[in-house]
Amino acid sequence: MATFQTLPGFREFYPEDCARRNHIFRLWRQSAGTYGFAEYDAPVLEPLDLYKAKSGNEIEAQLFSFTDKGGREVALRPEMTPTVCRLVGARASALKRPVKWFSIGEFYRYERMQKGRGRCFFQFNADIFGEPGPEAETELIALLIQCFRSFGLTADDFYVRLSDRNLWFYYLEALGLDQPQARSILGAIDKYDKLGAEAFSDYARDFGALPPVLMEKILSFLAIKSLPALEAQLAALAGEKLGARLADWKKLLGALAAMGLERFVEVDLGVVRGLAYYTGFVFEAFDRKGDLRALAGGGRYDDLVEKLGGPAFPAVGFAIGDMTVALLLEQRGLMPTLIQSPDVYAVIGGAQERLAAFADINELRACGFRLEYPMKELAFGKQFKAAAESGAKLALIYGGDELAKGVVKIRDLAQRTEIEVPRDQVVASVRDFMTGASRLA
RNA sequence: GCGGUCAUAGCUCAGUUGGUUAGAGCACAAGAUUGUGAAUCUUGGGGUCGCGGGUUCGAGUCCCGUUGGCCGCCCCA
């Protein structure tokens, strides 16, 4: 046995695993539906250039990519954003705005495996296109929070850290830094949590040591954890862009507070996200205990649709991964035990009775009841045991005595009560019981 | 890509300084039990001890290599 193994980092879903996966998907779908997002899907295999165009060649190292039999350079999708930008870009002029879309799909990255990260994983992606203002962020962050709350998670379990790459760029510009310098600083800020002052060594190498005055201002900006603190820090600096940005912040946080979500959101300018394509608000969701990697991440990417060949089209989006969510739900005891039980279990006497039972079995199934019966002839004792273990609510008993009388026994497996009903009333009786319209005496 | 650690039945594990034909619990299956429930008892199937090589009279056990898992680093769309 075990001559063939799964490829490293790939997962198999036995029924109980699949049930848990589907539980997560179902609640994600339900949340997206209530927020008015429409589901879409797209190919798993894409032209390699779709990802090179956006992120540069070095990203290829983490792609599952190869040349297909037609000589095309292709890659398994590592994320959904470029794909959804293509979809939206191709029909941009025909889509009613705002475009609110979501999808659930599998993604692939050739990486070293770790807790909460494999080479294949599922993501819930939600995006809004065509809305440049913070109203789009409001809607998405609210949906993001709902996606976690629907499992029973609370503000004590997770929170969203909110930041803004534009604000950083405007601020650094006001401090007199140019674009390349600002980008390097953002890279340092991304690592500052882990590395401390060491994080700025790349900047020092490329542009010379950062003057202490600037360093101090950057670090105090980085330390901002609230809107009032942000306003105070920016008060000293004039500028239309900074003023307009601050107004967006007030709008966004005001709207989320009005929704009663302020306990889920924290201002944290230390979040800048690694991706170069983000252009405005960026946010990440984390568990409160902090022993898992990020639960979700997203932000605004106003230039990407155009970069990928579409028209200029503002966009915001986020993605949630299934692995960290599953770990968090297990940790908090919020992963239900999901067993699929039949509604009805048929207990069958012998070969003659089996043929008689099949008529009712098939009709009940056609009516939508989940029904099981033993495939082999078994002693009654065994069958009742199997019926109880199956989790069925009812047992239908097709024995020789019953059939001779033209009846079937219906047993309530929980109450251990049973009645006899005429053969032609079996379907109606089962329906009455299952819908709660009647009980067995 | 780097480092640490581990690998025995479907699962959780035991296996002594190297020594007969590698064990237990759970799970699965059959029977006791051909008309009424999760019990009990009996029995059974299931292992090239991750894979390959080496040392040895003899390796699950020691050595080397390799593959894979877990944890951390790098990275993280």
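Throughout, a chain's letter reflects where its sequence line sits, starting with A, and its residues are numbered from 1.
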Contacts under 3.5 angstrom, residues 394-403 of chain A side chains, donor-acceptor by atom type, not counting sequence neighbours:
residue	atom	partner	partner atom	Å
A:Y398	OH	A:D360	OD2	2.7
A:E402	OE1	A:G399	N	3.3
A:E402	OE2	A:K409	NZ	3.4

Please enumerate all residues that pass salt bridge (Lys or Arg N to Asp or Glu O under 4.0 Å) together with A:E135, with sequence neighbours excluded.
A:K251
Pairwise P distance for B:rC63 and B:rC26, with rounding to whole Å:
35 Å
side-chain contact (heavy atoms from CB on, under 4.5 Å) filter on A:K385, not counting sequence neighbours, yields A:E389
Going through the checks in order, is the ring pair (Phe, Tyr, Trp, His ring centres under 6.0 Å) test met by A:F124 and A:F102?
CA-CA 7 Å; A:F124 170 88; A:F102 83 98; 5.6 Å; yes
Would the base of B:rU36 count as contacting A:R411 through its side chain, where contact means a donor and an acceptor less than 3.5 Å apart?
yes
Look for any protein N or O under 3.5 Å of an N or O in nucleotides 42-44 of chain B and output each such pair with its distance, or none.
none

Applied to residues 370-379 of chain A, the side chain to side chain donor-acceptor pair (under 3.5 Å) test, sequence neighbours excluded, yields none
Partners of A:R354 by salt bridge (Lys or Arg N to Asp or Glu O under 4.0 Å), sequence neighbours excluded?
none
Identified stems (criterion: three or more consecutive Watson-Crick or G-U pairs, under 3.5 Å), RNA chain B:
B:1-7 with B:67-73, B:10-13 with B:23-26, B:28-32 with B:40-44, B:50-54 with B:62-66
Should the pair A:E111-A:R117 be classified as a salt bridge under the 4.0 Å nitrogen-to-oxygen rule?
yes
For A:Y40, look at atom OH and say whether over 12 heavy atoms of other residues, nucleotides or ligands are found less than 6.0 Å away.
yes
Nucleotide N/O of nucleotides 30-35 of chain B paired with protein N/O under 3.5 Å:
residue	atom	partner	partner atom	Å
B:rA30	OP1	A:K376	NZ	3.3
B:rG35	O6	A:G400	N	3.0
B:rG35	O6	A:D401	N	3.0
B:rG35	O6	A:E402	OE1	3.2
B:rG35	N1	A:E402	OE1	2.7
B:rG35	N1	A:E402	OE2	2.9
B:rG35	N2	A:E402	OE2	2.3
B:rG35	N2	A:K409	NZ	3.2

Within 45° cone of A:F64 ring axis and under 6.0 Å: A:R109 NZ or CZ
no
Nucleotide N/O of nucleotides 65-72 of chain B paired with protein N/O under 3.5 Å:
residue	atom	partner	partner atom	Å
B:rG69	OP1	A:G9	N	3.2
B:rC71	OP2	A:K115	N	3.1

Results of ring pair (Phe, Tyr, Trp, His ring centres under 6.0 Å) for A:F129 - residues two or more places apart only:
none
Residue pairs involving residues 324-333 of chain A (criterion side chain to side chain donor-acceptor pair (under 3.5 Å); sequence neighbours excluded)
A:R20-A:E330, A:D157-A:R332
Would you please name every residue forming a salt bridge (Lys or Arg N to Asp or Glu O under 4.0 Å) with A:E353, sequence neighbours left out?
none
